[in-house]
Structures are given as C-alpha cells and as structure tokens.
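Single-structure report; data block below.
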Amino acid sequence: MKLKKMLALLLALMMALALVACGDTADTGNDAPDDQQVEDNSGDTGDTGDTGDAASPEGQSLLEILKDRFVAAPEMAGTYWTFIGGYVQGVQMTEEQTQEVMSQLGDVYQFIFVDDSTVVLAEDEDQTEGTYTMGEDGMTAVIEVGGVKYAGTFIEQEDGYVLVAMLDGTGMNGLYFHLMDDAPEK
C-alpha cells in the first residue's frame, strides 16, 4: 500500500534530519519554504531559518507557528488538494525532499473530497476511500483514510487555500495540501 510507503519515507526523512542536527557544522541549505509551500509569516520562529538550528528535532509546533493564520475551510465537497510539502519532527521539508516524496508516489498524492463525508486519498495509481467530518467551528476537519487519522486545519495564501493535515496532536508532524482549481484528469 502506498500509504505505508509514504510513512516509511517520512520516517527516513526524520532520521536523516536527526543526523544532520547532530553534526557540528552541518549545512542544511535553504530550509525556507518556497512560494508553493506553507509560508511562516510570524517572523520570530527559528524552524525555517537558515542556520543549523533549523534541522533541530525540537522545532516549534505548527499549531504555534500558524495560530494567527487559521481560517474557515472552503466548501470541501467536490474539491481536490495536492501535496506540496510537509513538516517532519518540527522541521520544514525542503523542496528537494518534497520532490523525492512525490517521485516515490508517481507524482500523485492528493486528497479528493467527493461529497460532504467521503474523501479519497490518491497515491500514484491507487485510491483509498475514507471519511471526513468538519468541526462545528468550520475551521477544522477530521480525516480518516486507510487507518490514518489527520487533524486538518486551513490557512489561506496568495495562491489559495492550504490544508495542513497534522498527523498528531503536537503539531510537529504535518503534510501540506494545496487546493487545486481544476478537477484531476482521469
């Protein structure tokens, strides 16, 4: 199953980031997200900085980083969202890491919200059906697909909505999905 492959790849990324964090002079490159990934406009966090500290597994929670940016969800039924990056053990994924994940998944990793309660996770050529419910506040979603439960929150960027699908309650691990304008081709 592709979901297991994705989780294994994320674990491998976490281990690689932990090794980089242990190095004395490790150069992490530019870990700042590009314009397609979630932007951190808070200005006072060190999690996407350009120093070796950026690779620290003790990064700041997405819940804290994005706390002033959460918005109400758009109408979900009939939309699809494609993977654009992630936050693993408190560290922003680089563009290179994001591309590696996508290449492992055949360049397809999307949430497709079919109706008011059904969601499909498309990975490469596989599709796994699940469910989702929207919170009463209209700002959160609980998404369950293939035995994995995501806590979804939403932010809005210049180029549209981003679903931040957190994998645990700490906000230290999450995946970013961008709302796409056009329906996927079949």
Side-chain angles (χ1 to χ4, degrees), residues 1-18 36-38 47 57-66 70-94 97-155 161-180 183-186:
M1 170 177 263
K2 297 287 181 182
L3 182 59
K4 289 180 185 176
K5 192 188 261 185
M6 175 67 172
L7 291 175
L9 187 57
L10 285 175
L11 277 172
L13 284 172
M14 288 188 303
M15 290 188 320
L17 290 172
Q36 285 190 328
Q37 291 182 326
V38 176
D47 64 304
E58 302 297 325
Q60 193 172 6
S61 169
L62 282 172
L63 297 170
E64 181 63 27
I65 293 169
L66 300 174
F70 293 126
V71 297
E75 177 62 39
M76 298 299 288
T79 62
Y80 81 101
W81 303 69
T82 195
F83 176 73
I84 59 170
Y87 195 68
V88 180
Q89 274 192 318
V91 178
Q92 181 74 34
M93 288 175 64
T94 65
Q97 292 166 331
T98 300
Q99 289 174 354
E100 175 65 24
V101 169
M102 288 302 288
S103 70
Q104 293 291 321
L105 297 170
D107 292 324
V108 176
Y109 192 54
Q110 300 175 330
F111 276 122
I112 303 166
F113 292 86
V114 179
D115 55 33
D116 288 333
S117 64
T118 306
V119 64
V120 171
L121 180 61
E123 303 170 274
D124 197 2
E125 295 180 9
D126 298 331
Q127 294 191 355
T128 306
E129 190 171 302
T131 61
Y132 77 99
T133 55
M134 295 301 299
E136 289 182 21
D137 62 2
M139 296 178 73
T140 58
V142 175
I143 305 164
E144 271 190 83
V145 179
V148 178
K149 186 183 274 190
Y150 303 89
T153 58
F154 302 86
I155 64 170
Y161 285 98
V162 173
L163 164 63
V164 181
M166 288 179 255
L167 299 168
D168 57 37
T170 67
M172 299 300 279
N173 297 291
L175 304 175
Y176 311 139
F177 294 84
H178 188 265
L179 175 61
M180 303 308 290
E185 293 187 24
K186 296 184 181 195

Exercise for the section: Check the angle between the aromatic planes of F177 and F111 and answer parallel, tilted or perpendicular using the 30° and 60° thresholds. Expected result: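 If you compare the ring of F177 with that of F111, the planes turn out tilted.
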
Exercise for the section: Go through the steps to decide whether Q89 and M172 satisfy the test side chain to side chain contact (heavy atoms under 4.5 Å, CB included), and finish with yes or no. Expected result: CA-CA 5 Å; Q89 274 192 318; M172 299 300 279; 5.9 Å; no

Pairwise side-chain contact, [X] with [Y], heavy-atom cut-off 4.5 Å (strictly under):
| X | Y | result |
| --- | --- | --- |
| Y150 | Y132 | no |
| F83 | L105 | no |
| E129 | V114 | no |
| V164 | Y87 | no |
| E75 | D116 | yes |
| T98 | Y176 | no |
| I143 | L163 | yes |

Problem - Identified side-chain contact (heavy atoms from CB on, under 4.5 Å) counterpart of Y109 within the set T82, L175, V101 - result: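 Exactly one option meets the side-chain contact (heavy atoms from CB on, under 4.5 Å) with Y109, and it is L175.
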
Handout entry: Side chain N173, main chain V88, donor-acceptor under 3.5 Å
Key = no

Practice task
Find the distance between CE (M76) and OG1 (T133) and round it off to the nearest 0.5 Å.
Solution key: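 Here the rounded value is 11.0 Å.
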
